[in-house]
Number of protein chains: 2
Amino acid sequence: MAKFERIPTPAVRRLSLYLRQLERFRAADRRTVSSRELGDAVAVSDAQVRKDLAYFGQFGHPGIGYRIAELIDRVRRILGTDKQSNVLIVGVGNLGRALASYRGFAKQGFDLVAAFDDDARKIGTRLTESIRVKPMDDLVKTVAGHQIRFGILCVPATSAQAAAEQMIAAGIRGILNFAPVTLQVDAGVAVSSVDLAVHLEQLSFQLGGGRYGAGKAADV
Amino acid sequence: MAKFERIPTPAVRRLSLYLRQLERFRAADRRTVSSRELGDAVAVSDAQVRKDLAYFGQFGHPGIGYRIAELIDRVRRILGTDKQSNVLIVGVGNLGRALASYRGFAKQGFDLVAAFDDDARKIGTRLTESIRVKPMDDLVKTVAGHQIRFGILCVPATSAQAAAEQMIAAGIRGILNFAPVTLQVDAGVAVSSVDLAVHLEQLSFQLGGGRYGAGKAADV
DNA sequence: TAGATTGTTAATCGATTAACAATC
DNA sequence: TAGATTGTTAATCGATTAACAATC
């Protein structure tokens, strides 16, 4: 039982990939899957799959593999997405609006319940059927009222740090950041950043646009 | 001179962060920066900054630091973004449209020049001032005509693999994938995936929603 | 039973950090 | 010169892979 080992960060990321794939297997009415099959589907070695899962307990059955429905439950519990969490969004420009209409969040355990912007012309605007854009002043009240822990940050780079600080002050503890800046936050606040330019630059480097090209092309 | 060492993947990712920060310093009219200052700004140690840059050559000046303008040029050349690259987008749903209107690409060396969708009702629709949505059949011709190497993939998960194969067959060599699937591609094709649900799940895990919470909150 | 597959240990590989002589 | 800061080496730390006894 490995519960007290230190868990590698990359292992947690892969857990999400396994979960997504397991749900796909289940949708195809499969009952069990081996570490090899699961690994092949997400481009990871079988040993890696077993090791990643073993950090959290013994979920498999020698000779059989893993029972899909059971493993989905386990992984959800590990990730904390077995219960729905409320999410808010700050900054409703093009990207913010697109993310708000993304239907995939809810299915994975996240409910978008509020949206904020500091542009007076956007306040009161309808973002989705049930969500109207609120002023930043309402942040504290809304976070408390809906017990919101997660926030998606979609403001321009120049206002990102300030907006993040307002979110944190209001009680947000996890920020998904789309602004191309490194947010400076205190311990106890988790930040995950999605930087589109960074991703394109990685591709560019891999294609050997750089004169140092490793050439090895693989998923990042 | 370290040019023949193997370059760690994470180092390349950090190169993009350095570049973004260097541009910010230059915009603020600074001339030089030390590895410590640059590192502090992007939450990386000074030793790491020096090591990352040293993989590609000797860009710094002992006692002085790095000359910002010079380093920007070097890093752009390393990443292959010193010249503009043409980019296309496949799938113009909400997310695709939002990405198309994102102004940050061009500034970083990427020009969006074409968009595709397999939905007949979207063909001919205007995506931006200069771009109209084309049918997938035009992919080969357009990629060749504009010498496009990069593609942004924004179709639903179910059609992502097939769309990726069409892109690759047409000559695309780097794919920025927004569909929540692991694309299976041949060597020689680079894939970088942005999975929004994965990011939220990482945050959820870090907040200890999981019963195994590492607690340590830091940027991922 | 024979075949399949796990969980775990040990071996390997890769990345980060610390320290410092060389340099401006 | 004295102070600052690099590039690089060696030491540490962390993650992945290989191998296999235990199990169904």
Side-chain angles (χ1 to χ4, degrees), chain A residues 1-15 17-18 22 25 30-68 70-71 74-75 78 202 212 214 216 218-220, chain B residues 1-15 17-18 22 25 30-68 70-71 74-75 78 202 212 214 216 218-220:
Chain A
M1 218 303 202
K3 232 175 211 170
F4 297 113
E5 253 180 278
R6 214 197 65 280
I7 293 152
T9 310
V12 180
R13 207 188 80 90
R14 287 188 298 262
L15 231 43
L17 300 182
Y18 302 153
L22 287 166
F25 281 140
R30 295 203 35 183
R31 296 301 149 96
T32 65
V33 66
S34 70
S35 56
R36 170 168 292 279
E37 291 170 298
L38 182 52
D40 284 350
V42 301
V44 159
S45 76
D46 60 320
Q48 184 82 82
V49 170
R50 291 197 300 279
K51 190 125 231 284
D52 286 345
L53 295 174
Y55 285 119
F56 302 98
Q58 305 193 162
F59 305 149
H61 307 275
I64 309 286
Y66 298 87
R67 297 199 216 285
I68 290 171
E70 183 197 333
L71 190 53
R74 301 289 208 137
V75 174
I78 293 165
Q202 301 313 291
Y212 308 83
K216 318 297 310 324
D219 199 293
V220 176
Chain B
M1 212 313 195
K3 230 176 213 171
F4 297 113
E5 251 180 280
R6 212 196 67 282
I7 293 152
T9 311
V12 180
R13 207 188 80 88
R14 286 188 298 261
L15 231 43
L17 300 181
Y18 301 153
L22 287 166
F25 281 140
R30 296 205 31 183
R31 296 300 147 99
T32 65
V33 67
S34 70
S35 56
R36 169 168 293 277
E37 290 171 300
L38 182 52
D40 283 350
V42 300
V44 159
S45 75
D46 60 319
Q48 184 82 80
V49 170
R50 293 198 298 279
K51 190 124 230 282
D52 286 344
L53 295 174
Y55 285 119
F56 302 97
Q58 306 194 163
F59 305 148
H61 306 274
I64 308 287
Y66 299 87
R67 297 200 215 285
I68 290 171
E70 183 197 335
L71 190 53
R74 301 290 207 134
V75 174
I78 292 165
Q202 302 312 292
Y212 308 83
K216 321 294 311 323
D219 199 293
V220 178

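Computation of the quantities below employed the complete heavy-atom set of this structure, encompassing side-chain atoms and omitting hydrogens, waters and symmetry-equivalent molecules. Residue numbering restarts at 1 for every chain, and letters A, B, ... go by the order of the sequence lines. Note that the structure is predicted; figures quoted are calculated from it, not measured.
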What's the closest nucleotide to the side chain of [X] if the choices are [options]?
X: P62(A); options: dT23(D), dG7(C), dT6(D); result: dT23(D)
X: A54(B); options: dT9(C), dT8(D), dG7(C); result: dT8(D)
X: I64(B); options: dT16(D), dC24(C), dT8(D); result: dC24(C)
X: S34(B); options: dT5(D), dT6(C), dT17(D); result: dT5(D)
X: R14(B); options: dT16(D), dT16(C), dG7(D); result: dT16(C)
X: R50(A); options: dT8(D), dT16(C), dT8(C); result: dT8(C)

Considering only heavy atoms from C-beta outward, does the side chain of [X] approach that of [Y] to under 4.5 Å?
X: Q48(A); Y: D52(A); result: yes
X: L38(B); Y: Y66(B); result: no
X: V12(B); Y: I78(B); result: no
X: V44(B); Y: Y18(B); result: yes
X: E70(A); Y: R31(A); result: no
X: L15(A); Y: F56(A); result: yes

Return the value, rounded to whole Å, for the distance between atom [atom1] of [X] and atom [atom2] of [N].
X: F56(A); N: dT6(C); atom1: CZ; atom2: C1'; result: 18 Å
X: K51(A); N: dG7(C); atom1: NZ; atom2: P; result: 12 Å
X: H61(B); N: dA22(C); atom1: NE2; atom2: C1'; result: 15 Å
X: D52(B); N: dG14(C); atom1: CG; atom2: P; result: 17 Å
X: L53(B); N: dG7(D); atom1: CG; atom2: P; result: 7 Å
X: E37(B); N: dA4(D); atom1: CD; atom2: P; result: 13 Å
X: I7(B); N: dC13(C); atom1: CD1; atom2: P; result: 20 Å
X: Y66(B); N: dA4(D); atom1: OH; atom2: P; result: 18 Å

Problem - Secondary-structure string, 5' to 3', Watson-Crick or G-U under 3.5 Å, | for another-strand partners, for DNA chain D - result: ..||||||||||||||||||||||
Completion exercise
To the nearest 0.5 Å, atom CG of L53(A) lies from atom CZ of R74(A) at 10.5 Å
Practice task
Supply the atom-to-atom distance S45(B) OG to R50(B) CZ, rounded to the nearest 0.5 angstrom.
Solution key: 8.0 Å
Handout entry: All salt bridge (Lys or Arg N to Asp or Glu O under 4.0 Å) counterparts of R30(B), not counting sequence neighbours
Key = E37(B)
Exercise for the section: Tell me whether the OP1 or OP2 atom of dT5(C) has a side-chain N or O from S35(A) closer than 4.0 Å. Expected result: no
Problem - Under 4.0 angstrom between Q58(A) side-chain N/O and dT8(C) OP1 or OP2 - result: yes
Handout entry: Members of residues 38-49 of chain B that approach DNA chain C, where some heavy atom sits under 4.0 Å away
Key = S45(B), A47(B), Q48(B)
Practice task
Determine whether the side chains of T32(A) and R67(A) contain a donor N or O and an acceptor N or O closer than 3.5 Å.
Solution key: no
